[in-house]
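Notes for the one structure printed next.
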Amino acid sequence: MFEEKDDTIMARWLSGELTEAERAEFEASSEYEEYQRLAMGLKAFQKPDFDKEALRERTWREIGNQKPVNVIRLRPLYYTVGIAASILVLFGLFFSKVTYSTATGEKITVSLPDGTEIDLNAQSTLSHKRFFWMENKVVNLNGEGFFKVTKGDDFSVNTESGTIDVLGTEFNVKARPSSFELYCYEGRVRYENEPEQQEAYLNAGDVVQLKGKILLAFKHEDTRPAWQSGMSRFSNTELLIVMKELGMYYDISFDFTPDMIQGHFTGNFVHDNLEIALKSVFVPMGIEYELSKDKKTVFLNVSERQ
């Protein structure tokens, strides 16, 4: 085909620019008849007449009649809030904490990345940051735990009643809402209660205890906390505190009048037998008691109920 050899052949033919030789060859070709029909069609085509001004006015009129469209734009504030929210999410993931909790009567052992082990007593919570433990050895304790800290960098225990700083040692912290005790079994620890401006250094055999806001210090001869042997031990402790501790090991509540819980208790109770535990506490105190049939409620001052 001619157009395969020369794609300008038809344009030059229509404009009369072919040479005599080219025109003769073109008119002798098999495609010439088809090109003639195309040329006739082009001559028959007439562009439509239109009024340019009328068309312009119509166009502007259509634009003016268009209904307004609601456009929601993201303002810079939204971008800022979105970015801030994303950063908070990342920070939340990055600095999230690991938390261990024990229920009534439950005890668990927690192993930390540096080899430190913590025996967590009943109704206690321990938490620390999820990442970078080796650069930030800090735990938060609410309850009671026995710590066997691996020797190395600083290790701190935060409680509501103060902070304990150690360098490889064994100690027990009881940080309940109604009591705080710190027993040192090995090594050396430092206790600090900054709001109360209290500070104490404890060696093995030393104890500090908070009575209200007063920090008491005394000695002990134990090698391990009594609770690790399945019992709780008390020395001249308010009876109400002892009853709260009974509730940490047994799923019970007490029915009593306030005047029945006066006095202090010295002794211990076991963690695996409710009947013996109640007898160990209330008989020495001269308090009558009765356990409900479902063993959920302990009634004190039984004689008045009768």
Side-chain angles (χ1 to χ4, degrees), residues 95-191 202-209 220-234 241-242 244-252 268-274 276-277:
F95 292 105
S96 61
K97 292 183 178 180
V98 178
T99 301
Y100 307 90
S101 297
T102 53
T104 300
E106 184 183 20
K107 301 167 187 174
I108 64 172
T109 298
V110 176
S111 296
L112 299 179
D114 65 340
T116 293
E117 289 189 351
I118 305 166
D119 293 335
L120 207 57
N121 202 357
Q123 291 192 6
S124 300
T125 300
L126 181 86
S127 65
H128 62 82
K129 289 183 178 178
R130 183 178 299 278
F131 302 107
F132 304 117
W133 165 255
M134 300 304 289
E135 285 73 38
N136 186 20
K137 297 180 180 179
V138 179
V139 298
N140 302 298
L141 175 68
N142 184 359
E144 185 170 11
F146 176 68
F147 291 74
K148 295 175 67 176
V149 178
T150 300
K151 292 182 179 178
D153 300 327
D154 292 344
F155 184 99
S156 298
V157 182
N158 290 330
T159 74
E160 289 188 357
S161 300
T163 300
I164 299 99
D165 297 314
V166 297
L167 278 172
T169 186
E170 296 181 4
F171 60 97
N172 187 78
V173 183
K174 178 188 281 188
R176 306 284 192 189
S178 56
S179 61
F180 175 85
E181 292 178 350
L182 172 60
Y183 280 65
C184 183
Y185 294 92
E186 184 180 302
R188 182 177 171 84
V189 300
R190 172 178 174 267
Y191 168 74
L202 287 74
N203 295 310
D206 290 338
V207 183
V208 291
Q209 181 184 62
H220 75 92
E221 297 180 351
D222 300 331
T223 57
R224 285 290 186 276
W227 67 266
Q228 287 195 309
S229 301
M231 67 173 62
S232 292
R233 185 179 298 163
F234 304 91
I241 293 176
V242 178
K244 288 181 178 178
E245 188 138 336
L246 277 166
M248 294 176 188
Y249 298 98
Y250 301 102
D251 186 18
I252 56 174
N268 56 64
F269 67 77
V270 296
H271 296 168
D272 57 357
N273 190 311
L274 176 59
I276 294 176

**Request:** Starting from the C-alpha separation in whole Å, work towards a yes-or-no answer on ring pair (Phe, Tyr, Trp, His ring centres under 6.0 Å) for Tyr191 and Phe180.
**Result:** CA-CA 12 Å; Tyr191 168 74; Phe180 175 85; 5.1 Å; yes

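Here CG of Leu246 is found 4.0 Å from CZ of Phe269. Values are rounded to the nearest 0.5 Å. Rounding to the nearest 0.5 angstrom, the gap separating the CG atom in Leu182 from the CG atom in Asp206 is 9.5 Å. Residue Ser179 holds its OG atom at 7.0 Å from CD of Glu245, rounded to the nearest 0.5 Å. Atom-to-atom distance recorded for Leu141:CG and Ile118:CD1 is 8.0 Å, nearest 0.5 angstrom. The distance from the CD1 atom of Ile252 to the OG1 atom of Thr104 is 10.0 Å, given to the nearest 0.5 Å.
In summary, of the residues considered (Gln228, Glu144, Glu181), a side chain to side chain donor-acceptor pair (under 3.5 Å) with Asn172 occurs for Glu144 alone.
Minimum interatomic distance between Ala122 and Gly105 (heavy atoms only, all atoms of both residues): CB-N, 3.5 Å. Nearest heavy-atom pair, Thr159 versus Gly162, reported as atom, atom and distance to 0.1 Å: OG1-O, 2.7 Å.
Evaluation of the side chain to side chain contact (heavy atoms under 4.5 Å, CB included) rule for Val270 yields Tyr250, Asp272, Asn273, Ile276 as partners, not counting sequence neighbours. Applying the side chain to side chain donor-acceptor pair (under 3.5 Å) test to His128 and every residue at least two apart in sequence or in another chain returns nothing. Considering only residues two or more places apart in sequence or on other chains, Arg190 meets the salt bridge (charged side-chain N to carboxylate O under 4.0 Å, His left out) condition with Asp165, Glu192, Glu199. Residues meeting the side chain to side chain contact (heavy atoms under 4.5 Å, CB included) test with Glu160, sequence neighbours left out: none. Residues passing the side chain to side chain contact (heavy atoms under 4.5 Å, CB included) test with Thr102, sequence neighbours excluded: Glu106, Ile108, Leu120, Ser124. Residues passing the side chain to side chain contact (heavy atoms under 4.5 Å, CB included) test with Glu170, sequence neighbours excluded: Phe146, Lys148, Tyr185, Glu186, Arg224.
Under the 3.5 Å distance criterion, the side-chain polar atoms of Lys107 are matched with a main-chain donor or acceptor of Trp227. Although no hydrogens or angles enter the test, the distance criterion places a donor-acceptor pair under 3.5 Å between the side chain of Thr150 and the main chain of Asp114. With His220 contributing its side chain and Cys184 its backbone, the two residues share a donor-acceptor pair below 3.5 Å.
With a 4.5 Å cut-off on side-chain heavy atoms, Ile241 and Arg176 do not count as touching. Side-chain contact between Phe171 and Val149 is present, with at least one heavy-atom pair separated by less than 4.5 Å. At least one side-chain heavy atom of Leu112 sits under 4.5 Å from a side-chain heavy atom of Val139. Contact annotation: the side chain of Phe147 never approaches that of Val166 to less than 4.5 Å [non-hydrogen atoms, C-beta and beyond]. Under the 4.5 Å side-chain criterion, counting only non-hydrogen atoms from C-beta, Asn121 is not in contact with Met248.
Relative ring orientation between Tyr249 and His271 is described as parallel, the plane-to-plane angle staying below 30° on a 0-90° scale split at 30° and 60°.
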